[in-house]
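Values below: every heavy atom of this structure, side chains too, minus hydrogens, waters and symmetry copies. Here is the naming used below: chain letters follow the sequence lines, and residue numbers restart at 1 for every chain.
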Amino acid sequence: MLVATWNINGVKARLDALLQWLDECQPDVACLQEIKSVDEAFPRSEIEARGWQIETHGQKGFNGVALVSKTPALSIERGLAGDETDEQARFLSGLWSTSRGPIRIASLYLPNGNPVGTDKFPYKLRWMERLESTARQWLAEETPFVLAGDYNVIPQPEDAKNAADWLGDALYQPESRAAYRRLMNLGLVDALRATTDRAQTYTFWDYQAGAWPKNNGIRIDHMLLSPELSAAMKGVRIDKYVRAWEKPSDHVPVVLNIED
DNA sequence: ATGACTCGTATTACGAGA
């Protein structure tokens, strides 16, 4: 079973690339972030015409997450628990039936948090506390799960080409990294790091200053697995080749392979 | 020499991303 995550940076701007990649990858469930679309404007029919199931949780202009899958979800939940006043569309989860039993899969778009020193940074940290609470609750329920998405956190120095460039950035603040570690310390497994120690493994390259040709990347798109699932991991790959396409997203897909 | 971004929203400028 393949579970993928991809921040596509605008579903309408990326529709051709999305269709091409879905066709090639054939994920069972693909978690999308930054669809930048309200639900009504999501290019649903073009994707459904190729046989995919779609669930969206969008908003006007920015943010927004979606789940694209081969089979329909048994149930869907929109939004991250813990703050009724939060209007940003950043979390969407579904329950699927598999040969190993039910599995819960979430598409998450964790707040960027820049600039540090504005209210955006504490919003990021509060959002991470809410994510940790959700993970605790899901662990207690004992249904295997994948928390997949754009975490906007560089966990370790080796997750950036030039870690020193990110010292003042919300993605690499001690508080952001500590909150990510607290999540890991619940017993979750970072699927990529559990399966490779390969250097210069990145998922994002900025559009500016030739970051892609210089391979000046960072690893911020992660898949965190519940403990039962980590034993069933076959591997993780990064579909880096799509960054070289015409009109690419600045992120590339991460694809997790789980034993059926 | 040395890579000056891209998307969406709303009017060719701005917010947001990272």
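Side-chain nitrogen and oxygen atoms of A:R219 include none within less than 4.0 Å of the OP1 or OP2 phosphate oxygen of B:dA18. Look at A:Y109 and you won't find any side-chain N or O under 4.0 angstrom from OP1 or OP2 of B:dA16. Under 4.0 angstrom from either OP1 or OP2 of B:dG17 there lies no side-chain N or O belonging to A:H251.
As rounded to the nearest Å, B:dA10 and B:dA16 have C1' atoms that lie 15 Å from one another. Rounded to whole Å, the P atom of B:dT6 lies 15 Å from the corresponding atom of B:dA18.
A:E34 has its CD atom 13 Å from the C1' atom of B:dG15, to the nearest Å. Atom-to-atom, CD1 of A:I8 to P of B:dG17 comes out at 17 Å; the value is rounded to the nearest Å. The nearest whole Å value for the distance from the CD atom in A:Q208 to the C1' atom in B:dA18 is 9 Å. To the nearest angstrom, C1' of B:dG17 lies 11 Å from CD1 of A:I218. If you measure from atom CD of A:Q33 to atom C1' of B:dA16, you get 17 Å, rounded to the nearest angstrom. Atom NZ in A:K120 sits roughly 10 Å away from atom P in B:dG15 (whole-Å rounding). Between A:D250 atom CG and B:dA16 atom P the separation is 17 Å, expressed in whole Å. Atom-to-atom, CG of A:D169 to C1' of B:dA16 comes out at 14 Å; the value is rounded to the nearest Å.
Using a 4.0 Å heavy-atom criterion, one finds that A:N216 contacts no nucleic acid atom at all. Residue contacts for A:N63: at a heavy-atom cut-off of 4.0 Å it reaches no nucleic acid atom on any strand shown.
For A:D197, the CG atom is loosely surrounded, since the number of other residues' heavy atoms within 6.0 Å does not exceed 12. The 12-atom threshold is exceeded at CD of A:Q59, counting heavy atoms of other residues, nucleotides or ligands nearer than 6.0 Å.
Ion pair A:D159/A:R177 not flagged as a salt bridge, since none of the NZ, NE, NH1 or NH2 atoms sits closer than 4.0 Å to an Asp/Glu carboxylate oxygen. Salt bridge status for A:E228 with A:R100: absent, with no side-chain N to carboxylate O gap under 4.0 Å.
For the side-chain contact (heavy atoms from CB on, under 4.5 Å) with A:V3, the qualifying choice from A:I105, A:V236, A:L229 is A:I105, the only one to do so. Paired with A:Q33 under the rule side-chain hydrogen bond (donor to acceptor under 3.5 Å, both in side chains), one option of A:T5, A:N7, A:D150 passes, and it is A:T5.
Along DNA chain B, the nucleotide nearest A:K214 and the nucleotide nearest A:Q88 are compared for position; the residue whose nucleotide lies closer to the 5' end is A:K214.
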(message) How would you summarise protein contacts on nucleotides 7-13 of chain B per nucleotide, using B for base, S for sugar-phosphate only and - for none, with heavy-atom distances below 4.0 Å?
(response) BSS----
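Counting atom types as modelled, A:N112 pairs a side-chain N or O with a base atom of B:dA18 as donor and acceptor under 3.5 Å.
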Please set out all donor-acceptor pairs under 3.5 angstrom arising from side-chain atoms of residues 252-260 of chain A, sequence neighbours excluded.
unit_1 : atom_1 : unit_2 : atom_2 : d
A:D260 : OD1    : A:M1   : N      : 2.8

